[in-house]
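Just so it is clear, the structure is predicted and the values come from calculations on it, not from any experiment.
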Amino acid sequence: VSQSRYYAVTLGANTVINAGSGAITFASTIDGGFSLDLNSTGLTTLTGAIGANPLTTFTTNAGGTTVLNANINATGNTIIFNDALILTSDVVLDGGLGGVQFNSTVEGDATLRHLTVNSATSGSVTFADAVGASGLIGDLTIDTGVINLLNANSDLNSQTADFTAASYILLNPGSSLNTTGNIVTGK
């Protein structure tokens, strides 16, 4: 069953929205110091800023597509995208201590998009699939403790990029970084 919210939402508890194959749409802000799990094998659309009052965690399930036109702040814990992510604007993701995980592809829509991903120096940013394979990721800025390219198809492709890892970048066999920008590690 599709779930839509066209007004500002403040979470009062840890929240799980199960839409099955229906769509999930949040057309305004989402706030509150709780977790938010969005489960849909269809389309999840987020257009308002998420986490002015930081969420503890933000998670989407696998099998669908998330269209993101908003920044997400979950500085208490983690941000996990288990489904494909399409950026429809320039986006900043702040994952805090738990880091940020991308378990499927990350792409821009028909326009070149910029992605900034931050987590604490003790956190990590993990990619389990390709980023920018279509060439629609412009600036890709990652600031974290560890950048982990998990699988052979975990290629990071961007027009320009700045990767800053306080500790290291873990490239698993077959994964690659393709950029004209800077790669800086602490080790």
About how many Å separate CZ of F81 and CG of N61, when rounded to the nearest 0.5 Å?
12.0 Å
Roughly how far, to the nearest 0.5 Å, is OG1 of T59 from CG of D37?
4.5 Å
Straight-line distance of S119 OG to I142 CD1, nearest 0.5 Å
9.5 Å
Only pairs under 3.5 Å count here: list side-chain donor-acceptor contacts from residues 86-100, not counting sequence neighbours, and write none if there are none.
| unit_1 | atom_1 | unit_2 | atom_2 | d |
| --- | --- | --- | --- | --- |
| T88 | OG1 | L68 | O | 3.3 |
| S89 | OG | N69 | OD1 | 2.8 |
| D90 | OD1 | H114 | N | 3.0 |
| D94 | OD1 | N118 | ND2 | 2.8 |

Measuring only between side-chain heavy atoms, which start at C-beta, is V106 closer than 4.5 Å to L115?
yes
Can you find a pair of side-chain heavy atoms, one from T66 and one from L46, that are under 4.5 Å apart?
yes
How long is the straight-line distance from CD1 of I50 back to CZ of F58, given to the nearest 0.5 Å?
4.5 Å
Using modelled atom types and a 3.5 Å cut-off, is there a donor and acceptor pairing between side-chain atoms of D109 and backbone atoms of T111?
yes
Consider only side-chain heavy atoms of I, L, V, M, F, W and Y, link residues closer than 4.5 Å, and tell whether L43 and F26 are in one cluster.
no
Residues passing the side chain to side chain contact (heavy atoms under 4.5 Å, CB included) test with A27, sequence neighbours excluded, are Y6, T47
What I'd like to find out is whether the side chain of N39 reaches to under 4.5 Å of the side chain of V16, using heavy atoms alone.
yes
Between T56 (side chain only) and S35 (backbone N and O only), is there a donor and an acceptor less than 3.5 Å apart?
yes
Contact between V9 and Y7 at the side-chain level, heavy atoms closer than 4.5 Å - yes or no?
yes
Please check this pair: side chain of D31 against backbone of A52, looking for a donor-acceptor N/O pair closer than 3.5 Å.
yes
Nearest 0.5 Å please: distance from the OG1 atom of T44 over to the CG atom of D83.
6.0 Å
Starting at CG of N14, measure out to OG1 of T57 and round the result to the nearest 0.5 Å.
7.0 Å
Between E107 and S134: side-chain donor-acceptor atoms closer than 3.5 Å:
yes
Going only through I, L, V, M, F, W and Y residues with side-chain contacts under 4.5 Å, is there a path from L85 to I80?
no
Steps toward side-chain hydrogen bond (donor to acceptor under 3.5 Å, both in side chains) verdict (N82, N103)
CA-CA 5 Å; N82 287 308; N103 293 321; 2.6 Å; yes
Is there a donor-acceptor contact under 3.5 Å from the side chain of T15 to the main chain of A13?
yes
At their closest point, which heavy atom of S2 faces which heavy atom of G22, and how far apart are they?
OG-CA, 3.7 Å
